Amino acid sequence: MSENEKIPTDAGAPAETTAAPTDSSTPAETAASATPAAAEPSAAEQRGEAIGERLASLEAEEKAAAATPEGEKADREKHVGVIVAAVVFAVLLIGAGVAYSVLAPAADNKQIEVTGTDAVQETEVDAADDTGDGNGANAATTPAPDFTMTDADGATLTLADFKGKPVLLNFWASWCGPCQSEMPDIQTAWKEHGTDVEFVIVNMTGMNGETEQSAKAFLADAGYTFPCYFDANNSAATAFGVSSIPQTYLINAEGNIIGAYMGAMDASVIAQGIDMLTGDISGAAQ
């Protein structure tokens with residue numbers, strides 16, 4: 001080929017080309033690069049996640065252990081323990097309720113008031129009005145409630161043991177001033193009528209600090225010789241609902257209450273009661 005046929009090396013191309021941009025990122029990538037980077041989790045969040053993962057792991061372990069025979073046995077023992085504890089607690093509550101129902105009335109009975117009235121309250125009704133039903137409104141046929149007591153020698157007896165003779169029943173305590181004031185007249189009446197009427201003078205032993213020893217000392221110092229009995233177990237106080245002393249009840253030979261007196265008696269009141277009791281004997285003899 002002749003020298004004239006040679007094709008120029010740069011023929012048909014621009015003498016210079018514009019350099020391509022060195023950054024090959026797309027517009028979307030460029031925009032993304034302008035967005036701030038996501039914040040790293042805080043230390044508290046990381047700890048929370050770790051704790052959550054640990055709890056989930058423990059729960060899975062417990063479920064797996066519970067599925068084994070040993071786990072099922074332990075679970076049964078746990079439930080049995082809970083049931084036993086509940087039963088024991090219920091028994092304790094019931095026991096406390098029973099103890100309260102028994103002990104609370106006894107505690108209340110130990111607080112005795114001292115009161116009085118002015119006359120014997122007669123409860124006997126006329127024979128024509130006696131319906132025989134034995135209720136409180138018809139006291140001529142209302143039996144005196146029975147109770148137990150001990151005598152000066154410690155022997156136990158009941159109010160029913162005196163049935164067959166009229167009874168003057170009196171409740172008292174050595175610390176009671178009104179009780180002390182009526183004792184001389186009771187002593188006199190007992191000397192005069194002790195063969196016809198049973199004098200059942202019952203000491204409220206154990207109430208407001210009263211003791212058998214203090215009662216006996218009081219009687220000995222004053223020279224009283226009428227028979228005295230002791231309500232050491234609150235049997236008499238409970239039977240008659242004694243809430244104040246002194247109290248006196250008139251009980252006929254058949255064991256029915258025919259009269260009562262609340263407060264300290266004097267000689268005239270005692271005489272009235274004796275007449276009611278001995279008159280009842282005369283009426284029965286006729």
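What you are looking at is a predicted structure, and each value in this text was computed from that prediction instead of being measured.
With hydrogens and angles disregarded, no donor-acceptor distance shorter than 3.5 Å links the side chain of Asp153 to the backbone of Ala155. A side-chain donor-acceptor contact under 3.5 Å links Ser181 to the backbone of Pro178.
Glu210 and Ser214 are linked by a side-chain donor-acceptor pair at a separation below 3.5 angstrom, with hydrogens and angles left out of the test. In the model, Asp161 has a side-chain atom that pairs as donor or acceptor with a side-chain atom of Thr158 under 3.5 Å. Using a 3.5 Å distance cut-off with no hydrogens or angles, the side chains of Gln180 and Ser174 do not pair a donor with an acceptor.
Note: Trp190 and Phe226 have perpendicular aromatic rings, judged against thresholds of 30 and 60 degrees for the angle between ring planes. Ring planes of Phe171 and Phe147: tilted class, angle from 30 to 60°.
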* Check the pair Asn233 / Thr148 against side chain to side chain contact (heavy atoms under 4.5 Å, CB included), numbers first and verdict last. => CA-CA 8 Å; Asn233 60 359; Thr148 60; 3.5 Å; yes
* To do: List the steps, then state whether side chain to side chain contact (heavy atoms under 4.5 Å, CB included) holds for Ile270 with Ile186.
  => CA-CA 7 Å; Ile270 294 175; Ile186 291 178; 3.9 Å; yes
* To do: Just do the side chain to side chain contact (heavy atoms under 4.5 Å, CB included) check on Gln247 and Val242 with the steps written out, would you?
  => CA-CA 8 Å; Gln247 288 188 22; Val242 179; 4.0 Å; yes
* Assess whether side chain to side chain contact (heavy atoms under 4.5 Å, CB included) is satisfied between Asp231 and Met149, documenting all intermediate values. => CA-CA 5 Å; Asp231 184 32; Met149 55 191 146; 5.6 Å; no
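Contact annotation: the side chain of Pro166 never approaches that of Asn252 to less than 4.5 Å [non-hydrogen atoms, C-beta and beyond]. The side-chain heavy atoms of Pro246 and Glu182, taken from C-beta on, include a pair separated by under 4.5 Å. Residues Phe230 and Met204 form no side-chain contact, since every pair of their non-hydrogen atoms from C-beta on lies 4.5 Å or further apart. Looking at Ile245 and Cys179, their side chains come closer than 4.5 Å, going by heavy atoms from C-beta outward. The shortest distance between side-chain heavy atoms of Met207 and Asn234 falls below 4.5 Å. Annotation: side chain of Leu157 is in contact with side chain of Phe162 (closest heavy-atom distance under 4.5 Å). Here the side chains of Val200 and Leu168 are not in contact, with every heavy-atom distance at 4.5 Å or above. Contact of the Thr150 side chain with the Tyr229 side chain is not registered, since no non-hydrogen atoms from C-beta on lie closer than 4.5 Å.
With values rounded to the nearest 0.5 angstrom, Asp196 atom CG is found 7.0 Å from Lys165 atom NZ. Between the SG atom in Cys228 and the CE atom in Met183 there is a gap of 7.0 Å [rounded to 0.5 Å]. Summarising the geometry, atom OH belonging to Tyr261 is positioned 13.5 Å from atom OH belonging to Tyr249; distances are rounded to the nearest 0.5 Å. To the nearest 0.5 Å, the span separating CD on Gln213 from CZ on Phe218 amounts to 16.0 Å. From Glu192, atom CD reaches atom CD of Gln187 across 11.0 Å, with rounding to the nearest 0.5 Å.
Between Asn203 and Ala173, the shortest heavy-atom contact is ND2-CA, 3.7 Å.
Atom NZ of Lys216 has more than 12 heavy atoms from other residues, nucleotides or ligands within 6.0 Å.
In summary, of the residues considered (Val202, Ile201, Thr248, Leu250), a side-chain contact (heavy atoms from CB on, under 4.5 Å) with Leu169 occurs for Val202 alone.
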